[in-house]
Amino acid sequence: MEYILEMKDISKTFPGVKALDHVQLQVRPGEVHALMGENGAGKSTLMKILMGIYTRDAGGEILFDGKPYMVSNPKEAMDMGVAMIHQELNPILDMTVYENIFVGRELRKNGLVDKKAEIEQAQKLIEECGLHVSPKETLRNLTVAQCQLIEIIKAISVNAKVIIMDEPTAAITDREVELLFGHIRRLKEKGVAIIYISHRMAEIFSICDRVSVYRDGQYIGTGTTTELDEGQLIKMMVGREITDVYPKLEADIGEVVFEAKNIVRADNKVKGVSLSVRRGEILGIGGLVGAGRSELVEGIFGMHALSQGEIFVHGKRVKISSPEDIIKQGVALITEDRKVTGLNLSGTVNDNIAMVAIKKLLTHGLYNKGKARRASEEYIEKLNIKTPSADQIVGNLSGGNQQKIVIAKWLLNDPDIIILDEPTRGIDVGAKRDIYLLLGNLVRQGKAVIMISSEIPELMGICDRIMVMCEGNYSGEVSREEFSQERIMTLASAIKV
Amino acid sequence: MKEKSRAKSLISEYFIFVIFIALVVVLTCLKPSFIQPANLVNILKQASINGILAFGMMFVIIAGGFDMSVGSTVAFTGILAAMLGQGQYPIFVPLIVAMLGGLAVGVVNGVGVAVGNLPPFIMTLGTMTAVRGLALLISDGKPIIGISESYKAVAASSIFGIPMLAVFLVITILLCSFVLSKTVYGRRVYACGGNLLAAQVSGINTTKIRISTFAIAGLLAGLSGFLMTSRVTIAQPTAAESYEMDAITACVVGGVSMTGGVGKPWGVVIGCLLITVIANGLDIMGVSSHWQKIVKGAIIVLAVLIDVKGKSKKR
Amino acid sequence: MKEKSRAKSLISEYFIFVIFIALVVVLTCLKPSFIQPANLVNILKQASINGILAFGMMFVIIAGGFDMSVGSTVAFTGILAAMLGQGQYPIFVPLIVAMLGGLAVGVVNGVGVAVGNLPPFIMTLGTMTAVRGLALLISDGKPIIGISESYKAVAASSIFGIPMLAVFLVITILLCSFVLSKTVYGRRVYACGGNLLAAQVSGINTTKIRISTFAIAGLLAGLSGFLMTSRVTIAQPTAAESYEMDAITACVVGGVSMTGGVGKPWGVVIGCLLITVIANGLDIMGVSSHWQKIVKGAIIVLAVLIDVKGKSKKR
Amino acid sequence: ALTGCSSGTETTEESTGGDASAESGDGAYKIALIQQHQTNAFQIGVTEGAQAKADELGVELNILSADQDAAKQISQIEQCVSEGYDAILFEPVDPDGLRDAAKAAADAGVIMINIVSACTDWESAGISAVSCGDNVKAGENEMQHVADLLGGKGNIAILTGPSSTTDTTARLEGYRNILANYPDMTEVIAPADCAWDTAKAQSTVESWLSAYDLDAIVCQNDGMAVGAGNAAGANSGIVITGLDGTPDGYEAIKDGRITGTVAQDGGLMASSGVEAAVTLLDGGTLENNLIIADSVWIDSSNVADYE
Ligand SMILES: Nc1ncnc2c1ncn2[C@@H]1O[C@H](COP(=O)(O)OP(=O)(O)OP(=O)(O)O)[C@@H](O)[C@H]1O
Ligand SMILES: Nc1ncnc2c1ncn2[C@@H]1O[C@H](COP(=O)(O)OP(=O)(O)OP(=O)(O)O)[C@@H](O)[C@H]1O
Ligand SMILES: [Mg+2]
Ligand SMILES: [Mg+2]
């Protein structure tokens, strides 16, 4: 039999949105099959139908192993041999690592949970993934990246015939990605089919065999990665050619507008790091998972207590005890975890856009919904956000579009200094490019940007300077002329004595 | 097609309203005197105190909290008001003192929750018990009698046939709706309840916002206490037992989400009318107290069930 | 250094225990008879019914729910038990029927919440009202008297000086702790409360788990109803008013998070003892009932506050 | 009755033996009073009456409140026994439910006295004396006056306290005893449980009045009668009566919102109870171990005498 999985003529309608319109997908045993498409193309929706989380509209059919496949919940899907890593992370924060790995398929001995065996197996799996956490650690104490790795471990340790990975690498760095690929290759050898969703072009070409492309809920086509090149693939996805993936707009670099000196966090996750950024400059911060980059900017932003450190905005020393203080100085922080610190998921697009810059949406001191809507619509347009309207509940948007809402809500406040922590996480190529251009235009207007990213090509593409951190310390800096992947990686993995 | 789906989504948003109308129609058929003006005035009066409490509660719940103490606060402030409302001071003195008393309880709750990081349930359960004790203590466990005629007149009088109590309710509704939907403060209340951390990171002083929502609930409980004493002409330390439940029910029935961030003032108005109409309807039909309990419980659950199902059909 | 921080983290985890011990010491100093064996036996008896309820509540809260109906269920099942416990059947008949009655209420709650998608608060508030009505209806509003001697003996007897009530409590504690910490089911209860969606996509039948937690709470409420009737030798339809509050308080004081997913059985034991000891201690010190309310509210808030602060210091 | 009496004396002997040792410790007798609750004027009257008598007789009195919870009251009795009290006065939350606890306490040598209402078959429950009102009689008293005022004919409605409490059921029994004699007096609506609460009574009666023609509203306490009176308005022509005789009721009688009330003197019941306890502790005997405080009808003609 040629296909392990065949989805034919699948449609799905949400109120106001036709998320999938008669699409198809064929997956062969032992292949890595990429799903690609812009944000909101319907990739996650298609996979959730496969998992039994959504019910598809009437019509269409799904064949698994040649037999009709009918599931109404994830348990049935898993029993059939389909597992999934979800795009929106689903950790149970108050449980330990080993409990999370085995949730829903607990190991048993004499009918009871076999805690010891679970811990042992978890330990093994964790080590194989190159993760350094104790299986007994609570997930609440881990970083987003570590949680993402736990999700990966959880899915690949299931005995499945098809594993769906919905943007598994959005929060992790190259080193972990390589380890993940190792696992994928081993699974392939065992004949397991992988459905791989990612917006990172390089990954698609290095690990996937075939690609299916979707656009606006429509099926565009399928091809093998050996026959397609990046340009063709992008064209299939966005419907037009994109030549420069990392456009760099030239801007005049002026005086230092923001400076943080010797930042030490009270919890010692950042151990004395300084940084400064100039008007018109894009400063990148690179490093491996756990380097403490997020911790640094969150400390600067007043989200955590600092035990030492001085912050200067436009040369003036400012005292920061809460985000409120630093926002008043014209600084913005697009945080790493949109679900936890970015969005009000139960609120509408309007509500979220108005969260920071509400003062800009007033008439006679009162909140003007019309103004808020116009502002939302402006950014929906500017950032190409796919939503039926500005009144949509943000929780219903696709992952990438949610990320764009976070960016929009901060940009509306018109900040002078913009700090972005993994801003392109889960964003499609076209939209990434839009964001780079947007950042470029901002620095042209005399603003300053600090961007944390785990994608080194991205940093090298648009930054003027890259600072690298390692284990909570500053480990070096590279200027645009000296950019090289090796240089940055060396600094990132510098062993401190 | 698009028109139709829009009409559908409108109906599903205002579904509880449809349920409410249906209930009114049923009650009218069963007992025509239900719809008589005299009884409608009764309903307005009966809805007032719970309505005012529910609006305070709405702020707290939308901001992600929960307040068990409002019933006790009504009793406590009612006693304060009765003590000062014996005619020795102008009528606004008991009003102000009652509202300040309520405010104080609310601020204590808010500080406990927002600064002390206590779960709202436990914090307000604590004040619920303690404030009830306080009410008993200052009244020595006995009802306070002897309030002045002008104080009694506050609740007993009407303007153009509309009872004063209802006027207070309407003012509260208008003010609260305005604050929630039109002011920066109101939007921030939603933001706090929707995602506290995100609100904080967005530069909102969430501590202040959360304290203030409890303060509003307390303030309105104080107002209710003042009105309660005027309505029943005495102040009982045991009054308003479990009124917080009715207030919370009105909110939830009206579509305010217990997890915070979601809820519309008009929904709470309907929720509160629904509860009052059920009690009033059962009373005038002469249903025995035992059956009333069963029926009331069932109707509330059914109303919310139909509402939830009506909304989710949309998907 | 590592040793020290480990000791610290141990203390902070068991902080509520430290608070409890402190309270016991204070009470003993104020009133030495507090620590007499006779009084300790009293405390055990007094803690039993609330303790059993609290353990049922624990399942519900850990799974992310909330149950307002257990008090009414105690009254309702107490009446069932009293009707069947007049000596006409062997003693296990009222026991089983009471537990089945409780189970039925629990299943209704669970289905409403897990299948009907109702907010737990509103669903169980509905059953709380309705079941109370049912209790009044079947008893015709009057206490049921005349239970058999052997039924009375259930609560009145002791084994080796330990009252039977406490034996029931201890069995409940052991069973529940075992289920929660050792079985797959228990693990899944935590998962449901920790992140319902995650549990669902991990292949857990969350509907079944959630219904079952309400069922357990109902079942244990049924057991409590049976014991309650034996203890007071009659069954009152108005009994156990607001016992759900004490059960919830015991859970929260004991570190069970109202948002679900967090909580340890031993914490609930302490929470429940703490509440009982406060009431008992204040009674034997002769504190007036009005002051008792104030002090009780304050102590609960303070205990949780100290616990929260003690824990957060760790970070 | 004979056996009941003798068991009563036995208990007395035992207890005098028991408290001799306790007495040597601190001189004054230690007496506990466990009230049903302490949240209305009647109950506070009980508290004050007992305290005043205890002060007068120089005994140590500790007052507890059961908050209307039978289980709690049982616990409190057990607690008082283990605390070594010489006598326990209690106001039973339930006439049947407290019997075993009382018996156990009496068996442990504590003098048990019922106040306000009596336990069923109290003598065999080891209770030495009862000082109470008679709720059935008070109810009869109230309803009889209503019947007289209405001329034995009319539509009536009843507001009760929480169903199943002894006050509620006994008073209702009294009402029904009288109603049995007046076939033309009809209960047009089922009795409503307003849980002693004025506001609840007020709402209920407001609703009723818009749908029913009522000639009388008979309430089981004054608080609810005040609520009914508020709903009907002063001098409404509807006979509204209460029970208890508390200041809020008197105030409403004076301004015509309610017609009358049946007063029971809780303070007297309590002080007689304390007195009886002390007599028994002193080794004396009681002339009569059932002391009943009568109820009186109060209306606008005699309310001034009772304030
Ligand atoms: N629960 C929902 N309710 C309403 N609309 C939804 C819901 N889930 C998804 N949608 C809509 O369906 C469309 C497809 O979303 P989907 O999440 O499948 O996109 P995606 O291809 O995974 O995008 P991304 O790359 O951003 O993750 C989007 O327009 C989204 O707004
Ligand atoms: N809550 C926590 N408790 C204990 N350790 C933590 C906690 N959060 C983070 N850490 C540790 O702090 C260090 C830095 O975390 P983090 O991974 O967020 O850095 P990062 O450079 O921002 O990485 P990335 O952005 O790629 O996720 C890591 O060693 C991590 O294990
Ligand atoms: Mg997606
Ligand atoms: Mg990070």
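Below, read A as the first sequence line, B as the second, and so on, with proteins coming before strands; counting in each chain starts at 1.
- No part of A:Lys48 comes within reach of chain C, as not one of its non-hydrogen atoms sits under 4.5 angstrom from that chain.
- Contacts of C:Val262 with chain A are made by side-chain atoms alone, with heavy-atom separations under 4.5 Å and no backbone atom involved.
- Residues C:Arg187 and A:Glu118 are paired through a salt bridge, judged by an N-O separation under 4.0 Å between the basic side chain and the carboxylate.
- Around NZ of C:Lys182, the count of heavy atoms belonging to other residues, nucleotides or ligands within 6.0 Å does not exceed 12.
- Crowding of C:Phe17 atom CZ: a count of heavy atoms from other residues, nucleotides or ligands under 6.0 Å not exceeding 12.
- Proximity of a side-chain donor or acceptor of C:Arg188 to a complementary backbone N or O of A:Gly104 within less than 3.5 Å is detected.
- No side-chain heavy atom of A:Leu93 sits under 4.5 Å from any side-chain heavy atom of C:Asn195.
- Options A:Val113, A:Asp79, A:Asp114, A:Ile53 differ in how many heavy-atom pairs under 4.5 Å they form with chain C, and the most are formed by A:Val113.
- Heavy-atom neighbours of A:Lys115 NZ from other residues, nucleotides or ligands within 6.0 Å: at or below the threshold of 12.
- Minimum interatomic distance between C:Gly194 and A:Ile92 (heavy atoms only, all atoms of both residues): CA-CG2, 3.7 Å.
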Between C:Ile204 and A:Lys75, is the side chain to side chain contact (heavy atoms under 4.5 Å, CB included) condition met? List the steps. CA-CA 6 Å; C:Ile204 293 177; A:Lys75 170 135 188 57; over 6 Å; no
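- Across all their heavy atoms, A:Asp94 and C:Gly261 have their closest contact at CB-O, 4.2 Å.
- For the pair C:Phe178 and A:Leu112, the minimum side-chain heavy-atom distance is below 4.5 Å.
- Evaluated for a side chain to side chain contact (heavy atoms under 4.5 Å, CB included) with C:Ser202, the options A:Met84, A:His86, A:Lys154, A:Arg105 yield exactly one hit, A:Lys154.
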